[in-house]
**Student:** 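Sending over a structure as structure tokens; questions will come in a sec.
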Number of protein chains: 2
Amino acid sequence: MTDTPSTDLPPLPEFDLFAFTPYRLAVAAKRTSDELARQYRDRFGITIPEWRVMVHLAHSGKVSVRDIEARVAMEKYEVSRAAKRLREAGLIERRENPEDRRLVILALTPEGHALMARILPMARAHQAQIEERLGPAFAQLEAGLAKLLAETD
Amino acid sequence: MTDTPSTDLPPLPEFDLFAFTPYRLAVAAKRTSDELARQYRDRFGITIPEWRVMVHLAHSGKVSVRDIEARVAMEKYEVSRAAKRLREAGLIERRENPEDRRLVILALTPEGHALMARILPMARAHQAQIEERLGPAFAQLEAGLAKLLAETD
DNA sequence: GGAACATCATTGCAGGTGCAATGGCTATTT
DNA sequence: AAATAGCCATTGCACCTGCAATGATGTTCC
């Protein structure tokens, strides 16, 4: 037993990673978005950050990077790079804001609009499937998440 | 109004990103682990993947990369690279398994053991703080996560 | 017992990410 | 109106990640 360095040391406190809320949330988040990410990538060629930007543009019209950053839980450099890729893919367009030339105006192109018309129903279906699979636990999850998100805001 | 390309297109279906469970989980996971990640990094110089490996070694003794991969929701290359960094930092040691020389035996060094003795109480306190801040909503979150994790396993 | 197949861990590569500048613009102060 | 400070978006750099390929070992099947 002398070859195991821990043997003679005081025992460590018990700690169950599987009961650790940050871990549980990380695993849950990864599981739920991975399948989605794969679909978005394979079928539409976009990533999750790009998807978030697109969704925001879909219902907010023309906005700046700052608006998206504030609303969509992304750092502004993420928004900036997602927007760059989306622009190169022809899904959004970018103009200067004439009233404040530091700002940028992002908006869906017709191609981007068409893409969202295809993706959004899929996303709704995905959400419905989650709710169905969780059953009554869905409402509990929602209540818990609502409190957590409010507390950490 | 003719300068906005979306105006003449059929309206997109309503979609609220903030009610989208994968999004909510992603934000919740990021919020809860970011502060933790910063602490681990600034005070102990380790990352979240490294922390997970350390926790597993702390209560499982000597294990292989495969064991950790299976138990800790990490891909094996993540485990492998985390282990490499931890080895370079002197926190874990690595030996060959003589019974199956494809396998590797990872274990905490005394330094790693000492580090865990300092981190684990912090992690427990963090967990307690989450539970306190959420109050009754914590049990709901747990119930929801339990169902979700079981369903997607 | 040897060939084919499976498993374990690692790594090369391409691309994504976080941080800390940077450059351009606007607001504020004197 | 010039100087200073602040805000917006982007980018250079280093690091991290995901995927697929690799090499080394073990197992299975003829």
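Within every chain, numbering begins at 1; the chains are lettered A, B, ... in the order of the sequence lines, protein sequences first and strands thereafter. Heavy atoms only: backbone and side chains are in, while hydrogens, waters and symmetry mates are out.
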**Student:** Please state whether the phosphate of C:dA9, meaning OP1 or OP2, lies under 4.0 angstrom from any side-chain nitrogen or oxygen of B:Ser64.
**Tutor:** yes
**Student:** So, B:Gln127 side chain and A:Thr21 main chain: donor-acceptor pair closer than 3.5 Å or not?
**Tutor:** yes
**Student:** Per the ring pair (Phe, Tyr, Trp, His ring centres under 6.0 Å) rule, what does the pair list look like for residues 130-153 of chain B, sequence neighbours excluded?
**Tutor:** none
**Student:** Can you tell me if B:Glu99 has over 12 outside heavy atoms packed within less than 6.0 Å of its CD?
**Tutor:** no
**Student:** Could you tell me which residues satisfy side chain to side chain contact (heavy atoms under 4.5 Å, CB included) with A:Glu111, sequence neighbours excluded, listed by chain and number?
**Tutor:** A:Leu91, A:Thr109
**Student:** Using the side-chain heavy atoms of A:Arg101, tell me which of these nucleotides is nearest: C:dT26, C:dT17, C:dA9.
**Tutor:** C:dT26
**Student:** Can you sort out the partners of A:Gln129 under side chain to side chain contact (heavy atoms under 4.5 Å, CB included), two or more places apart, ordered by chain and number?
**Tutor:** A:His126, A:Arg133
**Student:** Identify, between A:Arg81 and A:Glu99, the residue whose nearest nucleotide on DNA chain C lies closer to the 5' end.
**Tutor:** A:Arg81
**Student:** Answer yes or no: are there more than 12 heavy-atom neighbours, outside A:Glu88 itself, under 6.0 Å from its atom CD?
**Tutor:** yes
**Student:** Using modelled atom types and a 3.5 Å cut-off, is there a donor and acceptor pairing between side-chain atoms of B:His113 and backbone atoms of B:Ala58?
**Tutor:** no
**Student:** What nucleic acid atoms does B:Arg38 come within less than 4.0 Å of, heavy atoms only: base, sugar-phosphate, or nothing?
**Tutor:** nothing
**Student:** Name every donor-acceptor pair, under 3.5 Å, that has one atom in a side chain of residues 65-73 of chain B and the other anywhere in the protein, sequence neighbours excluded.
**Tutor:**
{"unit_1": "B:Asp67", "atom_1": "OD2", "unit_2": "B:Ser64", "atom_2": "N", "d": "3.1"}
{"unit_1": "B:Asp67", "atom_1": "OD2", "unit_2": "B:Ser64", "atom_2": "OG", "d": "3.2"}

**Student:** Taking only heavy atoms on the protein side, list every residue of residues 43-53 of chain B lying under 4.0 Å from any atom of DNA chain C, sorted numerically.
**Tutor:** none
**Student:** In chain order, what residues pass the side chain to side chain contact (heavy atoms under 4.5 Å, CB included) check against B:Pro121, with sequence neighbours excluded?
**Tutor:** A:Pro13
**Student:** Rounded to the Å, how far apart are B:Glu96 CD and C:dC8 P?
**Tutor:** 16 Å
**Student:** Test of understanding: with side chain to side chain donor-acceptor pair (under 3.5 Å), list the residues that count as partners of B:Glu96, not counting sequence neighbours.
**Tutor:** none
**Student:** Students should find this one: the first and last nucleotides of DNA chain D, 5' to 3', lying under 4.0 Å from a heavy atom of chain B. What are they?
**Tutor:** D:dT17 to D:dG26
**Student:** Taking only side-chain nitrogens and oxygens of B:Arg94, does any of them come within less than 4.0 Å of OP1 or OP2 of C:dT10?
**Tutor:** yes
**Student:** What I want to find out is whether B:Lys76 reaches B:Glu78 closely enough, with some N-O distance under 4.0 Å, to be called a salt bridge.
**Tutor:** no
**Student:** Between the protein and nucleotides 4-7 of chain C, are there any N/O to N/O pairs under 3.5 Å, and if so, what are the atom names and distances?
**Tutor:**
{"unit_1": "C:dT7", "atom_1": "O2", "unit_2": "B:Arg102", "atom_2": "NH1", "d": "3.2"}

**Student:** Taking only distance into account, with no hydrogens and no angle test, what donor-acceptor pairs under 3.5 Å do side-chain atoms of residues 142-149 of chain B form with protein atoms, sequence neighbours excluded?
**Tutor:**
{"unit_1": "B:Glu142", "atom_1": "OE1", "unit_2": "A:Arg24", "atom_2": "NE", "d": "3.0"}
{"unit_1": "B:Glu142", "atom_1": "OE1", "unit_2": "A:Arg24", "atom_2": "NH2", "d": "3.2"}
{"unit_1": "B:Glu142", "atom_1": "OE2", "unit_2": "A:Arg24", "atom_2": "NE", "d": "3.3"}
{"unit_1": "B:Lys147", "atom_1": "NZ", "unit_2": "B:Glu151", "atom_2": "OE2", "d": "3.4"}

**Student:** Which pairs, with at least one residue in residues 31-49 of chain A and sequence neighbours excluded, count as a side-chain hydrogen bond (donor to acceptor under 3.5 Å, both in side chains)?
**Tutor:** A:Lys30-A:Asp34, A:Arg31-B:Thr152, A:Thr47-A:Glu50
**Student:** For DNA chain D, which residues of residues 67-78 of chain A approach it to below 4.0 angstrom with any heavy atom?
**Tutor:** A:Lys76, A:Tyr77
